[in-house]
There are 2 protein chains.
Amino acid sequence: MADVKTGPNPLFLREEELRQAMELLFFAYRDFTAVPDKILSKYGFGRAHRRVIYFVERYPGITVSELLGILQITKQSLSRVLSQLVREGFIVQHPGERDRRQRRLELTEKGRALEHELSENQRQLIARAYREAGAEAVEGFRQVMLGIMEEPDRQRFERREGQRSGGRR
Amino acid sequence: MADVKTGPNPLFLREEELRQAMELLFFAYRDFTAVPDKILSKYGFGRAHRRVIYFVERYPGITVSELLGILQITKQSLSRVLSQLVREGFIVQHPGERDRRQRRLELTEKGRALEHELSENQRQLIARAYREAGAEAVEGFRQVMLGIMEEPDRQRFERREGQRSGGRR
DNA sequence: TTTTTACGTCAGCCATGTTGACGTATATCG
DNA sequence: CGATATACGTCAACATGGCTGACGTAAAAA
């Protein structure tokens with residue numbers, strides 16, 4: 001294959017560096033999602049289901065609109081997978097206490113089991129990468145990834161950067 | 001929304017750390033691809049076209065099977081977008097010199113222009129993130145991302161790690 | 001000369017995103 | 001209290017981009 005070019009010119013190096021970052025994102029994401037994708041197909045589910053399950057386990061009691069805000073898809077798209085997950089007993093909904101229009105989402109036991117099965121490989125990938133790279137590299141990784149993200153969701157990761165704001169979105 | 005939990009338990013912290021990494025990947029990737037997606041729709045293209053254009057500019061003269069190996073999709077899926085790009089004059093094919101069965105791919109001027117338009121925002125995102133995080137963090141980012149990737153494609157990034165072994169890790 | 005390889009194409013299926021229109025229950029505002 | 005806004009749901013139609021399976025052609029390799 002045509003080789004990855006490398007050169008002494010600092011301007012070029014910078015360009016090369018940026019390109020590399022794009023590819024790192026592409027390859028890491030591709031490999032990161034490959035295994036869960038296979039597991040999901042056993043259940044007749046897809047990536048969309050995985051994301052819903054993930055965020056419901058992450059934020060138990062999350063509302064539909066909050067989930068929409070995270071996934072940034074339309075409610076019709078979400079509805080398709082969510083209602084499937086509810087119908088098949090992976091997720092339960094119950095009305096919000098203060099606002100009974102809301103449907104707060106939670107995983108059932110079955111849902112948690114699936115979530116765990118899906119996360120296992122990813123956990124291992126990350127754990128291995130973290131272990132091999134070391135604590136300092138991990139902090140660098142965090143910083144760069146946060147830098148790539150757009151503002152609104154960065155707050156989700158505030159903490160340990162040194163404050164407590166629990167911001168809305 | 002249910003808050004991101006945080007606690008003193010080291011075992012829990014580790015779990016929390018792994019979860020965060022998954023989310024960083026999700027959010028960074030989501031935001032990283034958002035702008036190009038919009039540009040593409042102006043041309044009637046999608047993410048698949050973007051990836052092809054990207055890797056053809058990255059590895060000019062790349063063959064179809066090499067591209068398939070990178071993208072990890074079927075030739076039928078690739079064919080759909082590739083032939084469209086060729087038909088509309090973004091990519092040209094010419095037979096390989098040593099092996100005339102191959103079709104080596106290259107961007108046309110038009111293709112390069114589109115590639116540049118698509119990369120611009122991403123370049124800026126990365127450049128900003130790199131600048132704000134600093135050189136050390138960037139190196140950490142690289143290491144962790146490489147650790148998440150599976151073996152075969154890591155070699156693509158060897159260089160500057162300071163040796164030539166194809167080693168494990 | 002036969003077999004394998006590189007690439008292409010047709011046809012059909014599935015998952016997941018989109019828009020637009022419309023409906024219901026509850027909360028909130030004037 | 002009545003009007004309006006909000007949270008959520010649903011139906012229908014469409015596009016993209018994966019997939020499998022079957023079949024074809026030209027060139028390389030055995």
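Reminder, nothing fancy here: chain letters follow the sequence lines and each chain counts from 1.
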Query raised in the report: Are B/S79 and C/dT9 close enough that a side-chain N or O sits under 4.0 Å from OP1 or OP2?
Result: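 So the side chain of B/S79 is within the cut-off, an N or O lying under 4.0 Å from OP1 or OP2 of C/dT9.
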Report task. Look at the side-chain N and O atoms of B/T74 and state whether any lies under 4.0 Å from the OP1 or OP2 oxygen of D/dC19. Result ->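 Answer is yes, contact under 4.0 Å.
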Requested in this report: For the residue pair A/F90 and A/Y43, categorise the inter-ring angle as parallel (less than 30°), tilted (30 to 60°) or perpendicular (more than 60°).
Outcome: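 The rings of A/F90 and A/Y43 stand perpendicular, inter-plane angle above 60°.
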Query raised in the report: How would you label the contact of B/R50 with the nucleic acid (heavy atoms, under 4.0 Å): base, sugar-phosphate, or nothing?
Result: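 Here B/R50 touches no strand at all.
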Query raised in the report: How is B/T63 classified with respect to the nucleic acid when contacts are heavy atoms under 4.0 Å: base, sugar-phosphate, or nothing?
Result: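 Sugar-phosphate, backbone atoms only, no base.
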Query raised in the report: Taking only residues two or more places apart in sequence or in another chain, which ones pass side-chain contact (heavy atoms from CB on, under 4.5 Å) with A/R47?
Result: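 A/Y29, A/T33, A/D37, A/R51.
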Query raised in the report: Salt bridge or not for B/R112 and B/E109, using N-O below 4.0 Å?
Result: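 Yes, B/R112 and B/E109 are salt-bridged.
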Query - Lys/Arg-Asp/Glu bridge criterion (N-O < 4.0 Å) met for A/R142, A/E139 - result: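 Looking at A/E139 together with A/R142, the answer is yes, because their closest N to O distance falls below 4.0 Å.
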Query raised in the report: Do B/R101 and C/dT5 have a side chain to base donor-acceptor pair shorter than 3.5 Å?
Result: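 Present.
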When the distance from [atom1] of [X] to [atom2] of [N] is rounded to whole Å, what number comes out?
X: B/L85; N: C/dG8; atom1: CG; atom2: P; answer: 13 Å
X: B/R80; N: D/dT16; atom1: CZ; atom2: C1'; answer: 7 Å
X: A/R51; N: C/dT16; atom1: CZ; atom2: P; answer: 8 Å
X: A/L78; N: D/dC11; atom1: CG; atom2: P; answer: 15 Å
X: B/D37; N: C/dG17; atom1: CG; atom2: C1'; answer: 11 Å
X: A/L82; N: C/dA15; atom1: CG; atom2: P; answer: 17 Å
X: B/L67; N: C/dG8; atom1: CG; atom2: C1'; answer: 15 Å
X: B/R47; N: C/dT18; atom1: CZ; atom2: P; answer: 11 Å

Nucleotide nearest [X] (side chain, heavy atoms from C-beta), chosen from [options]:
X: B/R103; options: D/dG17, D/dC8, C/dG8; result: C/dG8
X: A/Q76; options: D/dC19, C/dT19, D/dC8; result: C/dT19
X: A/V81; options: D/dT20, C/dT16, D/dC8; result: C/dT16
X: B/H49; options: D/dG17, D/dC8, D/dA28; result: D/dG17

Requested in this report: Would you sort out whether B/F26 and A/Y54 count as a ring-ring contact (aromatic ring centres under 6.0 Å, His included), showing the intermediate values?
Outcome: CA-CA 11 Å; B/F26 170 76; A/Y54 177 83; 8.1 Å; no
Report task. For DNA chain D, find the residues of residues 88-99 of chain A with a heavy-atom distance under 4.0 Å and give them by number; none if there aren't any. Result ->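 Within residues 88-99 of chain A, the residues near DNA chain D are A/Q93.
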Report task. Please tell me which of B/K75 and A/S77 maps to the more 5' nucleotide of DNA chain C, matching each residue to the nucleotide holding its nearest heavy atom. Result ->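 On the 5' side of the pair lies B/K75.
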**Report entry** Member of A/E17, A/E15, A/E23 meeting the salt bridge (Lys or Arg N to Asp or Glu O under 4.0 Å) criterion with A/R19
**Finding:**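 Per the salt bridge (Lys or Arg N to Asp or Glu O under 4.0 Å) rule, the option paired with A/R19 is A/E15, out of A/E17, A/E15, A/E23.
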Report task. Starting at CG of A/L107, measure out to CD of A/E115 and round the result to the nearest 0.5 Å. Result ->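 Reported value, rounded in 0.5 Å steps: 7.0 Å.
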Query raised in the report: Are A/M145 and A/M149 close enough, and set up right, to give a side chain to side chain contact (heavy atoms under 4.5 Å, CB included), and what steps lead you there?
Result: CA-CA 6 Å; A/M145 293 297 269; A/M149 287 171 50; 5.7 Å; no
